[in-house]
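What follows is one structure encoded as structure tokens, with my remarks underneath.
Residue numbers start from 1 in every chain, and the chains themselves are labelled A, B, ... in the order their sequence lines are given, proteins ahead of strands. Please read all numbers here as calculations on a predicted model, not as lab measurements.
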Amino acid sequence: MLGQGRGRAVSAALCAGALLLSGCTTGGEGADWETIRGAWIEDPTTFDPALTQTTDDYRAARLAFDTVVRRDLDGELVPGLAESWEQSADRVTLTIGAGHTCADGTEITPTVVAESLEYLADPDTKSLHTSGVFGEGEAAITADDDAGEVAIELSEPHSEVLPGLAIPQAGVICPAGLADPEGLAAGEVEGAFSGPYVLTENRRGVNYHFALREDYDSWVEYSEPLEGTPAKYLEFIVGAEDAVANQLLSGELDVAPVEAEELSRFADDGGFGTTTATTGEYYIMFNHRESSPFRDEGLRRAVARLIDREALREIVDPEGELIATLGDDTMQCANTDESLLLDQDGDAASDALDGVPVKVVGSDAIGPNGSATVYVRERLNAAGADADLQNTDVGSWVARLYDEPETWDVTVYATVNNMGTISWGLTTVLGEWHEDGGRNMTHSVNPEAAEALEAALSAESDAEMCRHWDTAQRAALETVDFIPLSMVTQSIVSRDGYAVEVPGGREDATTLRILD
Amino acid sequence: MSRETADGAASEQAVPERPAVEVDGLGVVLGSGTARTEALRGVSFTIPYSRSVGLVGESGSGKSTLAKVLAGLVPIDTGRVVIGGERFSAGTSRRRRDPGLLQLIPQDPFSSLSPRRTAGQALAEAMDPLRADARRHRSAIEEWFERVELPASAAAKYPHEFSGGQRQRIAIARALCTRPRIVVADEITSALDLSVQVEVLELLAQLRAELGLTMLFISHDLAVVRHVSDEVAVLRSGELREFGAVEQIFTAPRDEYTSRLLDSVPGAPGFRIRD
Amino acid sequence: MNAITTRPWPAFLLRKAAELLLAMVALVVITFAIAHLIPGDAARVVAGVDATAEQVEDTRARLGLDRPLAAQFWDYLSGVLTADLGESFRTGQPVSEVIANRLPFTASIALFGIALTLGVSLALGLAVAGLTRGNRNPWLDSAFGWATGVVLALPVYVIGAVLIVVFAVNWGVLPAAGADSLYSYVLPTIAIALGPIASMSRLVRREAAVVLEQDYMRTARGRRISTFRQYAKHAVPNLLASTLTLSGLILAGMIGGAIIIESVFAWPGLGRAVVDSIIERDYPMTRGIILTVGAVAVALNTAIDIILALVDPRTLRAGKVLA
Amino acid sequence: MSAIPPIQPEEVPAAAARRSRRPGPMLAIGLALMGSLVLVAVLAPVLLDADAVGLTDDRRQGASGEHLLGTDEFGRDLFARALVATRLTLVLTVSATAISVVLGVAVGLLVWMLSPRVRNLVLTANAVAVAFPALVMALVIAAILGPGAMSATLAVGIAGIPAFVRLSATMAAPIMVRDYVSTAKLLNVPRPVILVRHVLPNLGEALLVLSANSFAVTLTELSGLSFIGLGVQNPDYDFGRLLADGLPNTYTQPIQIVGPSVMLVLTGVAAMFIGDGLAARSNPRLRRLVRGRRSGMLHRADELSQEMAAAHREQGGAAGAAALRVRGLKVATAQGRELVRGVSFDVAPGEILGLVGESGSGKSLTAMSAAGLVPDGVDATAAEVTTVGHDLLGPVRSGDLARDVALIYQDPVSTFNPALRLENQLTEVARVHQGMNRRAARRALAAEFRRLHISEPDSRGRQHPHELSGGMLQRAMIASALLTDAKLIIADEPTTALDVTVQAEVLRQFVAASGSLGAAVLFISHDLGVVEALCDRVLVMKEGEVVEELTREQLARGEVKHPYTRSLLAAAQYMEPSAEEANE
């Protein structure tokens with residue numbers, strides 16, 4: 001008996017060894033055609049849409065919370081919870097559609113929407129997105145359940161309320177969530193969710209599981225209907241940034257964001273498709289202060305003549321399109337006139353830049369390993385300038401840009417443009433200075449552009465807004481206040497049989513589909 | 001306890017008033033707490049100038065501790081030691097001692113010389129501790145090498161180029177060249193082959209006669225001390241068992257332990273291992 | 001003078017406890033200091049790159065970074081004493097909870113790694129030492145030198161990448177990343193252990209060469225027991241002291257390796273978290289993790305000292321054997 | 001320590017000493033590699049800078065004739081970059097290693113100027129720092145100093161200090177108690193001078209070895225920091241930076257990491273080989289005493305010596321009953337130096353044969369070869385070695401041989417395995433070869449202990465060797481011989497390391513034990529006094545040959561012929577404490 005038992009144990013051990021060596025397949029367990037396995041970079045910091053800060057916060061918020069308006073695939077605004085809307089300079093009226101419900105069954109009435117928007121507008125909420133959505137003034141939000149309307153009154157005109165309401169950060173939080181802000185932030189209040197998915201499992205640092213609400217029927221009607229069916233379950237692993245490509249290839253993931261450098265691994269493999277989302281804009285930012293040589297327009301022009309934007313795009317993000325302002329052609333009022341940008345002229349640039357000491361600073365996050373500023377520095381030096389480059393991590397770099405303005409002259413910057421409007425990037429280089437409460441980090445002095453920007457943000461109509469934006473962009477590009485480069489992209493690779501869309505160029509996990 | 005005996009065995013040479021070494025009621029405790037051991041207990045004896053005392057004891061007898069006390073490497077707990085007129089006792093601060101007072105010839109021929117320094121440099125260090133420049137003292141060094149029967153060329157050689165016996169000669173020269181008032185030789189022959197031991201002992205006996213050395217010669221082997229000692233002290237478990245003139249110890253030991261030691265030496269008349 | 005002391009253990013343990021306490025106090029002070037020494041404005045980083053000055057100040061107040069340093073230190077100290085390491089600046093999650101979630105992942109690959117290292121290097125080092133005794137098999141000597149040299153010189157992330165390409169991507173026999181099943185542990189463990197195996201087997205081989213020359217090994221040979229028994233029963237116990245001592249250092253090195261390997265394998269451990277927290281200026285997280293890593297290192301060190309004393313009672317008083 | 005020194009240290013001729021100074025193969029490869037790398041570091045930046053730094057339009061190309069390792073996203077030649085990076089890599093690694101070594105050693109030595117209490121405190125604090133993961137420490141320091149080449153170097157350098165403090169302090173410890181240091185102290189040489197003059201030079205080679213190893217570790221740590229993003233930052237580049245830059249492309253353009261990986265490996269291997277080579281050269285235990293393969297085997301002698309042995313055999317007469325019979329035993333080193341030159345002898349059952357000679361006479365080698373235990377590095381040949389009926393030149397039933405032959409060695413402390421309990425060692429033959437179970441063996445051992453009047457016989461076996469005195473250990477060895485009913489006891493200077501009074505006691509028990517077993521004894525000694533009192537017959541050995549054979553009576557009466565024996569006898573008499581010689 002003893003011998004027999006031992007024999008069995010031995011053969012079991014041998015089997016385990018054989019399994020290790022030969023054939024335990026690893027990808028099989030999850031591919032059940034009900035689940036889509038995806039990846040996030042890191043843990044979401046919060047599940048409260050108003051308090052979101054990071055890309056993964058936004059990804060989570062988009063899944064679990066619906067917004068009143070949405071972006072169509074081409075970027076146009078389309079109905080979300082609101083079936084229609086009206087807009088003037090200081091007032092937006094939303095007509096909330098019927099039949100939308102929260103995850104706990106509560107009906108999403110105008111009151112529910114208004115309370116959620118009030119929470120976002122409330123300065124005490126300390127949301128980073130309040131001013132982006134409602135502008136600098138105060139917003140008074142009222143609901144009329146009988147009329148099915150929510151009215152937003154702005155004390156200061158702001159033309160970007162509707163684009164703002166389309167971002168996941170403006171997701172409608174159901175009453176149960178507003179009643180328990182801590183639980184909301186932790187993702188523990190299921191009744192708070194207004195979106196198609198509810199968070200079912202939350203293993204910090206490991207993965208997040210979502211389940212499709214059975215009663216959900218508020219899908220966006222895109223101009224072109226999406227193929228396939230939504231997954232019953234979504235599983236996102238976190239912290240796999242460097243590993244997702246491997247995991248896609250080894251069958252451990254279905255749909256995941258992949259670094260641009262690794263895309264070619266999927267090009268050879270017929271079994272994958274790639275979708276490209278945009279997340280912001282790359283541009284060269286000059287320091288316009290006394291301490292910097294780029295206070296001088298001539299030198300800024302010289303840099304513009306020196307930089308090969310196409311080459312830089314290729315280095316920094318080959319998937320991104322070249323842009324002529326801080327936004328691409330899907331964005332409202334974006335300039336697409338390349339002629340406003342200076343042509344390359346190396347000789348002229350060299351004449352101006354010869355011997356000029358330049359402090360280039362950069363972050364290793366802008367371009368692979370900080371290659372963007374490496375390129376700028378090499379070009380400057382090739383033109384005879386005396387360029388010194390300090391590449392650091394994001395934290396040190398940002399601190400330097402804001403708090404030690406005398407230590408830098410030029411950098412390559414990238415916005416995280418959630419709003420999908422050109423104002424998000426342009427206000428960092430035009431208009432009110434950061435010190436004075438604005439967003440302009442460069443200390444640029446361009447009264448014409450600044451006034452036009454102001455006017456655009458308080459415009460009554462789209463046409464008026466675009467007219468002002470046109471003026472602002474022309475004025476700024478005229479004096480080379482900044483040099484637009486290209487879009488910041490995020491490529492999403494999906495295994496055959498799965499699909500994802502990028503409405504308005506933005507990532508949106510509610511468009512994940514399993515193809516039949 | 002045997003000071004009278006020691007003083008009584010006077011030599012022909014002129015003896016200064018006080019003896020070179022006086023050990024009086026010496027007690028030493030090593031370690032602390034559970035590891036505490038009494039290494040020496042009430043040990044007293046004297047060494048007059050130009051006389052040599054052989055100190056015999058087996059392992060654990062405290063003989064090495066006694067050497068270290070004399071050299072100032074181990075603090076005194078009770079009693080006192082007077083070396084060349086300088087008093088050392090429990091309270092004595094651990095100030096530096098005059099190297100002219102006492103020199104130690106260590107036991108292990110492999111550890112007594114730094115492998116990275118030439119024999120000449122080793123002697124130079126003794127002559128001039130700060131600079132240790134062998135060239136400055138070349139003639140003195142050669143003179144000492146001659147005295148210990150080593151060729152002058154030895155000065156430039158490194159320790160690994162010498163045999164064990166030769167190394168001990170260098171160590172002897174190094175200790176003697178400072179002309180200390182007393183020399184302590186700690187088991188200097190125990191690591192050597194018998195015939196080499198004999199050579200070293202003969203050399204030492206010869207130097208003793210030549211230079212009128214005052215010496216404490218420590219050994220675990222009673223037989224070894226005979227040719228280089230005037231008096232013999234027998235130590236056991238930290239206590240002095242017997243102190244007497246060398247002939248008396250070897251011919252008429254008073255202490256039972258001394259007799260046992262004598263009888264245990266192979267070849268001695270009392271040595272029996274077969275019944 | 002081989003006085004056998006009667007009760008060395010209590011004194012030994014007392015000394016170890018005192019050392020442990022001292023080390024912890026030092027760790028607390030140092031971890032507080034380093035977070036504040038890292039340049040860059042935490043409030044700015046947390047508030048976001050594009051945040052306005054007002055938003056940054058709000059964030060600063062929210063995080064308590066506007067309070068005097070002394071008060072912040074007091075908060076930290078009293079927090080540590082109650083096992084409350086504060087909340088992450090980034091996620092607002094209690095740091096102790098994050099650590100509790102992540103530590104097991106790092107600890108498990110480190111422990112698997114050290115077990116693998118000890119087993120493989122003892123066998124390998126002894127075998128090589130035995131086979132190259134007296135200048136036998138000189139080819140093995142150089143093969144061993146090259147193999148361990150190459151493995152040691154390769155950064156752990158290159159080893160990890162190569163393992164992934166071969167086993168996960170090309171052969172598909174093991175997962176490329178994540179920590180889902182037991183199979184997930186295989187590649188990270190191997191990746192993290194290869195370097196230590198190389199250095200430890202070099203040590204074992206070096207020590208074994210000395211041990212095999214010892215008189216007691218000749219004594220064992222004189223008993224004409226099998227070579228295996230000679231090595232396993234007589235040589236191995238004498239190698240334990242030095243291998244254990246080194247394994248303390250190797251464990252420390254593995255935690256260092258974990259920082260790197262965890263991002264290669266998307267491993268949800270502390271290593272990734274500490275790098276992220278430094279880059280994100282998440283002070284409580286940085287502090288908490290470094291405090292934890294330090295405490296674990298110190299505790300392991302103490303544990304190894306105690307094991308050493310059990311294995312080789314001579315070290316009770318003599319202190320540690322040289323690595 | 002070893003009782004069988006194949007070559008006495010003092011016998012190493014000057015030429016051999018010089019030869020061992022020549023670099024071994026490892027060291028030669030390491031130095032050659034490192035030399036080439038230094039050359040590359042000097043030349044590459046001068047010759048290849050344009051290719052390495054200049055931006056071109058040939059972006060992200062694969063390997064080609066023009067670009068051996070392809071190009072990066074800037075169109076820079078990666079082969080050129082890998083070579084140019086050598087300079088920065090070597091500079092940074094050397095600097096970081098230097099920081100660790102210089103500061104670490106300085107502190108490690110200076111602690112020896114502190115009082116023991118303070119020193120322990122410092123070293124304990126340091127032990128904590130050592131236990132802390134160096135990479136985490138480097139990470140924190142690099143983050144504090146801000147990423148960059150300089151701060152990475154400082155970070156890795158500083159993080160490496162504690163290890164060197166510990167190593168140098170620990171290595172200095174045995175030197176601090178060396179006699180030449182205490183002598184220097186007695187000479188009033190100031191402490192700092194002692195540290196510089198005596199301690200540091202004697203650590204020199206060991207520190208070089210460690211520095212070379214530390215160089216290799218530093219190399220990977222620096223590249224680790226680059227990987228994390230806190231190391232060398234663009235536009236500067238070292239191997240680690242290149243590797244980290246290329247790593248995201250590992251899967252698409254693996255050629256990108258080939259250059260820096262290969263360079264990193266070559267640099268690391270060069271450093272390690274230099275370290276290994278230096279270690280092999282400086283560590284006498286590792287230094288090959290003998291070149292060539294001599295495996296410590298006992299072989300049958302060739303035809304000629306067999307004939308000679310046959311002659312011997314006739315001379316020796318019928319000796320079938322001999323407990324030990326050795327004919328024509330020769331032991332030689334690989335270089336052909338004969339350490340034992342044809343020794344033949346018999347030991348009859350119950351007889352005690354003494355083997356006398358000074359160190360280097362070959363007596364221990366002879367005895368060990370007779371037991372079939374030829375040390376490494378030498379080879380033994382013989383026409384016949386028959387030990388208790390076992391022909392050692394043929395296949396041997398090792399269990400029976402182990403039972404029949406008991407060995408007692410010179411140094412009781414080193415012949416016992418310090419890590420094992422006494423009983424595990426002493427009963428091993430009985431348990432392994434005679435199938436005795438553990439408990440029975442333990443009881444039998446206790447019985448033998450009791451027979452030898454060893455105190456506390458029942459608990460002795462559970463003690464570790466360090467808990468017993470040398471005399472006690474040798475008695476335990478004798479007990480082990482009793483346990484297996486040995487027929488032949490080979491004792492190699494078993495009492496040399498003991499005090500005289502203990503020696504007499506142990507010898508008495510030894511004789512009683514061998515007598516009760518009726519065993520033959522081969523007793524090796526340098527002490528004529530012991531041999532005379534103990535042995536029936538004595539062989540005197542000199543330089544590998546038996547120069548004289550004496551009976552006990554002849555020895556006692558001083559009837560010796562050979563001059564060597566006579567000189568031995570004279571030396572022994574010089575030492576004899578007998579009355580008539582006392583007033584010489």
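Of the atoms belonging to L420(D), it is side-chain heavy atoms, and not backbone ones, that fall under 4.5 Å from chain C. Contacts of I259(C) with chain D are made by side-chain atoms alone, with heavy-atom separations under 4.5 Å and no backbone atom involved. Contact annotation for M137(D): neither backbone nor side-chain heavy atoms come within less than 4.5 Å of a heavy atom of chain C. At a 4.5 Å heavy-atom cutoff, the contact between L401(D) and chain C is made by backbone and side-chain atoms alike. In this structure, the portions of V269(D) lying under 4.5 Å from any heavy atom of chain C include both its backbone and its side chain. For chain C, the nearby parts of N417(D) are the backbone and the side chain; heavy atoms of each come within less than 4.5 Å. Residue contact with chain C, scored on non-hydrogen atoms closer than 4.5 Å, is absent for A125(D). When heavy atoms are compared at a cutoff of 4.5 Å, N213(D) approaches chain C solely by way of its side chain, counted from C-beta outward. Interface residue M26(D): only side-chain heavy atoms are found under 4.5 Å from chain C. Only the side chain of S263(C) comes within contact range of chain D, with heavy atoms under 4.5 Å apart. If you measure heavy-atom distances from I164(C) to chain D, the contacts under 4.5 Å come from the side chain alone. Looking at F416(D), the atoms closer than 4.5 Å to chain C (heavy atoms on both sides) all sit in the backbone: N, CA, C or O. If you measure heavy-atom distances from I29(D) to chain C, the contacts under 4.5 Å come from the side chain alone. With a 4.5 Å cut-off on non-hydrogen atoms, F239(D) does not touch chain C at all. For chain D, the nearby part of I278(C) is the side chain; its heavy atoms alone come within less than 4.5 Å. If you measure heavy-atom distances from A161(C) to chain D, the contacts under 4.5 Å come from both the backbone and the side chain. Interface remark: L27(C) contributes side-chain atoms only to the contact with chain D (heavy atom separation under 4.5 Å).
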Which pairs would a plain distance check flag for residues 145-155 of chain C, meaning a side-chain donor or acceptor within less than 3.5 Å of a matching protein atom at least two apart in sequence or in another chain?
| unit_1 | atom_1 | unit_2 | atom_2 | d |
| --- | --- | --- | --- | --- |
| T148(C) | OG1 | F144(C) | O | 2.8 |
| T148(C) | OG1 | G145(C) | O | 3.3 |
| T148(C) | OG1 | R202(C) | NH1 | 3.4 |

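The existence of a salt bridge linking R229(C) and E428(D) is confirmed by a sub-4.0 Å separation between a basic side-chain nitrogen and an acidic carboxylate oxygen.
In this view, E19(C) and R15(C), K16(C), T124(D) satisfy the side-chain contact (heavy atoms from CB on, under 4.5 Å) rule, not counting sequence neighbours.
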